[in-house]
Amino acid sequence: MTADDLAVGVLSLTRVRPAPLRQTPKILLVECSTEALDFFAIQLEANLPIQVDKVLPADLPAAVRRRKGPTPGRSSYELLPPPGGGTSRG
């Protein structure tokens, strides 16, 4: 069980719902080939309301440096309320 699995389970039990997104989230997708990047980006964008930024591993450091917005690598764990109540961790 991953931290994300645990977060989803706890949120469903406590009936805490994350705040709705105001903008389309951007996802950084890293794959080893251009073909894989294109395939997975098409599948993700077709099934989820997201925008995919495609990056090859060699280009990852530059892509992370130029990326603006929330810190990359956020997970659903950050949606859990902190111990003792309050709002989200993120």
Side-chain angles (χ1 to χ4, degrees):
M1 177 179 282
T2 67
D4 284 345
D5 295 335
L6 178 62
V8 169
V10 170
L11 288 174
S12 67
L13 288 174
T14 61
R15 298 176 193 220
V16 173
R17 299 200 35 93
L21 297 173
R22 296 187 178 149
Q23 297 178 353
T24 303
K26 294 182 180 179
I27 305 299
L28 185 61
L29 177 64
V30 181
E31 282 292 339
C32 294
S33 71
T34 303
E35 295 81 15
L37 275 173
D38 292 339
F39 174 80
F40 288 114
I42 289 168
Q43 294 299 313
L44 288 168
E45 290 178 334
N47 293 289
L48 299 169
I50 60 172
Q51 178 184 346
V52 175
D53 292 336
K54 302 181 288 185
V55 179
L56 293 169
D59 302 327
L60 185 58
V64 171
R65 278 193 300 272
R66 73 173 176 261
R67 186 175 167 95
K68 293 183 171 51
T71 305
R74 293 185 66 171
S75 72
S76 59
Y77 172 75
E78 296 174 26
L79 300 173
L80 288 171
T87 58
S88 70
R89 297 174 188 261

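What's counted below: heavy atoms across the whole structure, side chains too, no hydrogens, waters or symmetry copies. Model, not experiment: these values are computed from the prediction.
The two residues P25 and P49 have their closest heavy-atom pair at CD-O, 3.4 Å. Minimum heavy-atom separation, G9 to S12: O-OG, 2.8 Å.
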Please tabulate, for the side chains in residues 28-36, all donor-acceptor contacts under 3.5 angstrom to protein atoms that are two or more places apart in sequence or on a different chain.
{"from": "S33", "atom 1": "OG", "to": "A36", "atom 2": "N", "distance (Å)": "3.1"}

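Taking D38 as the reference, K54 meet the salt bridge (Lys or Arg N to Asp or Glu O under 4.0 Å) condition, with sequence neighbours excluded.
Within the 3.5 Å criterion, the main-chain N or O of Q43 finds a donor-acceptor partner in the side chain of N47.
Here salt bridge (charged side-chain N to carboxylate O under 4.0 Å, His left out) pairs that include residues 41-50, with residues two or more places apart or in two chains, number zero.
The distance from the CG atom of L44 to the CD1 atom of I27 is 8.0 Å, given to the nearest 0.5 Å.
Residues L56 and I42 fall into different hydrophobic clusters, defined by Ile, Leu, Val, Met, Phe, Trp and Tyr side chains chained together at heavy-atom separations under 4.5 Å.
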